[in-house]
Protein chains: 2
Amino acid sequence: MSQSISKTTIEDIARALNITAATVSRALHNHPAIKEATKKIVRETAEKLNYRPNRIASSLRLGRSYIIGVIIPSAEISFFGSVIHGIEKVANINGYNVLIYQSNELYESEKKGVQTFLQSQVDGVLASISKETINLDHYSELKRRGIPLVLFDRASDSLGVSSVVVNDYRGAFDATRHLIEQGCRRIAHIGGQQHVNIFNQRLKGYIDALNVHNIALDDDLIVYGKVSIESGRECMNRLLAGTNVPDGVFAVEDFTALGAMQAIKSAGKKMPEEIALIGFANEAFGEYLTPSLSTVNQQTVVMGEEAAKLFFDIQRKGHSPNGQPQKLVLEPALICRQSSKRFGP
Amino acid sequence: MSQSISKTTIEDIARALNITAATVSRALHNHPAIKEATKKIVRETAEKLNYRPNRIASSLRLGRSYIIGVIIPSAEISFFGSVIHGIEKVANINGYNVLIYQSNELYESEKKGVQTFLQSQVDGVLASISKETINLDHYSELKRRGIPLVLFDRASDSLGVSSVVVNDYRGAFDATRHLIEQGCRRIAHIGGQQHVNIFNQRLKGYIDALNVHNIALDDDLIVYGKVSIESGRECMNRLLAGTNVPDGVFAVEDFTALGAMQAIKSAGKKMPEEIALIGFANEAFGEYLTPSLSTVNQQTVVMGEEAAKLFFDIQRKGHSPNGQPQKLVLEPALICRQSSKRFGP
DNA sequence: CTGAAAGCGCTAACAG
DNA sequence: CTGTTAGCGCTTTCAG
């Protein structure tokens, strides 16, 4: 009991077999220049002595940690939970572990996360930029040090790094068109902070869909919020109090849509008959609301998988796939539920 | 650009100042025996040379990694997302990082997680046991190696380690009593796998609440499912098809409750008038259902924080707080929403 | 096919 | 107050 705390090292195995640590190391890594018989006996005694390789020592020697650092705004958003799921899958297949850092949507915290990862010698960083972040210098430091960085979802082109994003423009376009097809003509948009790329793209998709279908843009039907349930409710109330009350609403994401739904219900309006509603992100709760929430699905797990794969690509081919940063765009899919479906099966 | 990739070490700083690495190390750690002037110049050149301490080297030397390993069934369940949030908070304050491993509710995967953590030389492991896991030997190995283990939520007393759990018995008791107070007399329970401690405790709380209030137990009103939306729906349908149709249902957790709610609605029963319903866990979606779901709140973030604190306690006091494993029981709180509220404000 | 030896970057006696 | 030295556990030339 008491002596078993002491960890066995390759030295211990070597001593037990009257060979050297170098040979043990080679045997355990299945080096071709080692005799089968030796490999066998080494593996057996390793097992018997309950040997566990010390990754830290190995990392120091090799200069790689076999750890990927992941920076997310919050683990409490199910979207990011799914992405992590995808990242983990691919990481584990490649013998990598995943270190998580939550920025809580704060710039300072995000910066600290990068510093921590730098000290932890992670081999790469996958990150989704916080809503508050505008200055991106902390990410450049990774680049300077040759540590691959891959952004997902909340990406930025200005860094010149690879990224995996959803085609937010397309998703927004499709969502808006869907409302038009359902007969809506006064379609409002509740937007997010416009310095966040994805929110800006969604606004553009909304505008273009209206244009393509010859529906005049009404500035009063576009309101900007802070992307939360509260904010969604408040923005919707503003729209309801306006002169041009909408008959359809495209919300920038599902939490905002939820707030809007609550406001619409409180106002005694029928959904989807009087006001149709659609969100974005396919958060878990949307399916179970009454009416169930139409939304745009983003392939979250795939996003995580692809982000991790991009990292491994960069790592293998030595700091860039073909030379330029890759930008992988996942196509979103409309999920049409009760909150917007006026006709059809 | 090209030379900046090479990492600067304390040796580099030492060379630049014509002192030795040991002094640099001491200066950076604010060692009392180092002259202020030296500390100042060291810190400055460290800054100038863009020095980042190499944690891996430090870890190898010190024998501690400053990493906590966390094993959770799935990051896609918001409950665990919140717990991680709590863990991270406390970990960061103490200068620790968090490595995440998802078991996906699989025994083999959980086992692999422990092995990985062992190799990564984590200083401690916080874990929530997967539903599939029965054999706990992989956790004993941590104990043997003197690595503190703290269980949360899905705990087990048989391991003799500290844990943070919710008072599931109490939560279930209160939930059931609440249904009784609302006038229900034929109260059903949709349970989970009984080898999982928390599910078993919830069954007991249900039974005792009925006993205390002199309501006869009807075995036909207890059904066991697999803890999912599907399963909840199916179990509820079985209850609805029975001879003794319940007027109140306590579901083992919220996803099960959600399935039950769908089944009740499909059957055209009024909720809460004909059948009242309450779940457990306070998952994010419950608040937004129609009717909104009554449930039992578990203080998830606090759970994570306390689990992490327990680890640091054990670590500081050298492998046990007072000698015995601590068992921290968080008191749950009833959240009474529309799905069960027949009277009152 | 295996051994000897050096070193990854950092820290902690011990010495002065 | 600072330098010298050794070593954490592992991998990898270079020899043999």
Should [X] be listed as having a side-chain N or O under 4.0 Å from OP1 or OP2 of [N]?
| X | N | value |
| --- | --- | --- |
| A/S58 | D/dG9 | no |
| A/Y51 | D/dC10 | yes |
| B/T23 | D/dG3 | yes |
| A/K35 | C/dT2 | yes |

### Task
Would you mind classifying the nucleic acid contact of A/T38 as base, sugar-phosphate or nothing, using non-hydrogen atoms under 4.0 angstrom?
sugar-phosphate
### Message
Does B/I19 reach a base, just sugar-phosphate, or nothing at all? Heavy atoms under 4.0 Å.
### Response
sugar-phosphate
In whole angstroms, how far is the [atom2] atom of [N] from the [atom1] atom of [X]?
| X | N | atom1 | atom2 | value |
| --- | --- | --- | --- | --- |
| A/Y66 | D/dC10 | OH | P | 14 Å |
| B/L62 | D/dG9 | CG | C1' | 14 Å |
| B/L60 | C/dC8 | CG | C1' | 9 Å |
| A/R15 | C/dA4 | CZ | P | 14 Å |
| A/R64 | D/dG9 | CZ | P | 23 Å |
| A/N54 | D/dG7 | CG | P | 18 Å |
| B/I10 | D/dT5 | CD1 | C1' | 14 Å |
| A/K7 | D/dG9 | NZ | P | 8 Å |

#### Entry: Stepwise side chain to side chain donor-acceptor pair (under 3.5 Å) test for B/Y66 and A/Q119
CA-CA 11 Å; B/Y66 293 96; A/Q119 298 187 190; over 6 Å; no
### Query
Can B/Q121 and A/R55 be counted as having a side-chain donor-acceptor contact under 3.5 angstrom?
no
For the pair [X] and [Y], find out whether any cationic side-chain nitrogen is under 4.0 Å from an anionic carboxylate oxygen.
| X | Y | answer |
| --- | --- | --- |
| B/E36 | B/K40 | no |
| A/E141 | A/R145 | yes |
| A/E47 | A/R43 | no |

### Query
Would you call B/I19 and B/V42 a side-chain contact if the rule is heavy atoms closer than 4.5 Å?
yes
### Message
Can you pull out the residues from residues 42-49 of chain A that lie within a 4.0 Å heavy-atom distance of DNA chain C?
### Response
none
### Expected output: side-chain B/E88 to main-chain A/Q102 donor-acceptor under 3.5 Å
yes
### Task
Go through residues 26-34 of chain B and report each residue with a non-hydrogen atom lying under 4.0 Å from DNA chain D, sorted by number.
B/R26, B/A33, B/I34
## Note on the structure
In short, A/D153 meets A/V165 closest at the heavy-atom pair O-CG1, 3.7 Å
Which donor-acceptor pairs under 3.5 Å do side chains of residues 104-112 of chain B form with protein atoms, sequence neighbours excluded?
{"from": "B/E105", "atom 1": "OE1", "to": "B/K131", "atom 2": "N", "distance (Å)": "2.7"}
{"from": "B/E105", "atom 1": "OE1", "to": "B/R154", "atom 2": "NH1", "distance (Å)": "3.4"}
{"from": "B/E105", "atom 1": "OE2", "to": "B/R154", "atom 2": "NH2", "distance (Å)": "3.0"}
{"from": "B/S109", "atom 1": "OG", "to": "B/S103", "atom 2": "O", "distance (Å)": "3.4"}
{"from": "B/E110", "atom 1": "OE1", "to": "B/S130", "atom 2": "N", "distance (Å)": "2.8"}
{"from": "B/E110", "atom 1": "OE1", "to": "B/T133", "atom 2": "OG1", "distance (Å)": "3.2"}
{"from": "B/E110", "atom 1": "OE2", "to": "B/T133", "atom 2": "OG1", "distance (Å)": "3.2"}
{"from": "B/E110", "atom 1": "OE2", "to": "B/H138", "atom 2": "NE2", "distance (Å)": "2.9"}
{"from": "B/E110", "atom 1": "OE2", "to": "B/Y139", "atom 2": "OH", "distance (Å)": "3.1"}

